[in-house]
Amino acid sequence: MTKRFLIFIGLLFLPFIGTAQIEGEDEVYLSGDRIEAKFRGGGLEKFDEFVNNVFDYRKVTKEGTMVATFTIDVEGNVTGIKIVQMLDVESAKEMIRVLKLCPKWEPAKRGGKPISIEIKYPMNFRRK
């Protein structure tokens with residue numbers, strides 16, 4: 001590639017460096033001051049532990065991936081539970097039951113203020 005071409009490409013993409021669209025609240029944010037929601041002092045790994053301890057895997061009858069979405073509101077409550085990819089009715093009901101049992105999270109924050117965020121949570125099921 002020629003030096004002139006590389007400079008052109010650099011100038012073409014320069015305005016886009018450092019900007020990002022963050023999901024939620026229909027706004028564009030230029031700084032990365034968002035702090036993610038925390039579950040029991042950790043992140044999704046702590047949430048995985050909770051789900052694995054509470055979920056009744058006997059309810060799952062098929063292999064595959066189930067995907068749930070839910071919102072962590074400004075008070076840390078789990079709301080807006082939806083199963084967006086379902087394997088079967090029983091496993092979907094079980095996931096909803098587990099999410100309703102979920103204790104409060106520490107809400108996400110932006111600029112030091114709590115914000116609501118949506119989480120997309122996939123679960124993979126395989127036969128052993």
Side-chain angles (χ1 to χ4, degrees):
M1 290 189 186
T2 67
K3 192 174 189 179
R4 184 178 288 164
F5 179 72
L6 291 174
I7 292 171
F8 172 74
I9 294 297
L11 291 174
L12 183 64
F13 290 104
L14 186 61
F16 301 107
I17 296 173
T19 62
Q21 175 88 26
I22 298 175
E23 192 173 321
E25 301 181 8
D26 297 322
E27 298 178 24
V28 175
Y29 299 94
L30 300 177
S31 64
D33 67 344
R34 182 170 115 166
I35 298 171
E36 295 299 323
K38 293 181 181 163
F39 184 80
R40 295 186 173 168
L44 284 178
E45 70 283 348
K46 291 283 190 184
F47 180 65
D48 286 337
E49 289 175 17
F50 168 79
V51 171
N52 286 325
N53 288 330
V54 177
F55 194 93
D56 183 358
Y57 287 92
R58 297 173 296 178
K59 304 281 183 174
V60 180
T61 60
K62 296 181 182 179
E63 288 188 2
T65 302
M66 176 172 55
V67 180
T69 62
F70 55 94
T71 299
I72 305 299
D73 68 15
V74 296
E75 295 176 355
N77 299 307
V78 174
T79 63
I81 299 168
K82 297 176 191 164
I83 304 298
V84 295
Q85 183 175 329
M86 182 171 69
L87 294 175
D88 57 46
V89 173
E90 290 304 313
S91 59
K93 283 182 182 178
E94 180 61 9
M95 189 66 208
I96 291 168
R97 181 189 75 83
V98 170
L99 290 172
K100 286 182 176 182
L101 291 174
C102 188
K104 281 191 173 195
W105 292 55
E106 182 181 323
K109 294 179 183 168
R110 181 173 296 112
K113 295 180 183 176
I115 59 168
S116 294
I117 61 163
E118 184 174 85
I119 293 179
K120 187 176 189 178
Y121 186 75
M123 285 186 75
N124 297 311
F125 301 100
R126 306 256 185 282
R127 297 230 186 256
K128 292 184 179 183

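If you read the sequence from its start, that first residue is 1, and numbering goes on from there.
Every residue was checked against the side-chain hydrogen bond (donor to acceptor under 3.5 Å, both in side chains) condition with Thr71, not counting sequence neighbours, and none meets it. Residues satisfying the side-chain contact (heavy atoms from CB on, under 4.5 Å) criterion with Val67, sequence neighbours excluded, are Thr65, Val84, Gln85, Lys120, Pro122. Listed by chain and residue number, nothing satisfies the side-chain hydrogen bond (donor to acceptor under 3.5 Å, both in side chains) test with Arg40 (two or more places apart in sequence, or in another chain). Scanning for salt bridge (charged side-chain N to carboxylate O under 4.0 Å, His left out) contacts around Glu36 gives Arg34, with sequence neighbours left out. With sequence neighbours left out, the ring pair (Phe, Tyr, Trp, His ring centres under 6.0 Å) criterion links Phe47 to Phe39, Phe70, Trp105, Tyr121.
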I would like to know whether Lys113 and Val74 meet side chain to side chain contact (heavy atoms under 4.5 Å, CB included); could you show each step before the answer?
CA-CA 9 Å; Lys113 295 180 183 176; Val74 296; over 6 Å; no

message: With side chain to side chain contact (heavy atoms under 4.5 Å, CB included) as the criterion, how do Ile83 and Met95 come out once you've worked through the C-alpha distance, each side chain's angles and the decisive distance to 0.1 Å?
response: CA-CA 8 Å; Ile83 304 298; Met95 189 66 208; 4.0 Å; yes

Could you check Thr61 against Glu90 for side chain to side chain contact (heavy atoms under 4.5 Å, CB included), going step by step and ending with a plain yes or no?
CA-CA 8 Å; Thr61 60; Glu90 290 304 313; 5.7 Å; no

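In this model, no donor atom of one side chain and acceptor atom of the other lie less than 3.5 Å apart for Asp73 and Ser116.
Nearest heavy-atom pair across Pro107 and Ile115 is CB-O, 4.3 Å. Between Phe50 and Cys102 the shortest heavy-atom distance is CZ-CA, 3.6 Å.
Within the structure, salt bridge (Lys or Arg N to Asp or Glu O under 4.0 Å) contacts touching residues 51-62 (residues at least two apart or in different chains) are Asp56-Arg58.
To the nearest 0.5 Å, atoms CD (Glu94) and CZ (Arg97) are separated by 4.0 Å. Interatomic distance, CD1 of Ile117 versus CD1 of Ile35, reported as 12.0 Å (0.5 Å rounding). The CG atom of Asp88 lies 7.5 Å from the CE atom of Met86; values are rounded to the nearest 0.5 Å. Put simply, CD1 on Ile119 and CD1 on Ile81 are 11.5 Å apart, with the number rounded to the nearest 0.5 Å.
Looking at heavy atoms from C-beta onward, Val78 lies out of side-chain contact with Lys100 at the 4.5 angstrom threshold. Put simply, the side chain of Ile72 does not reach to within 4.5 Å of the side chain of Asn77, judged on heavy atoms.
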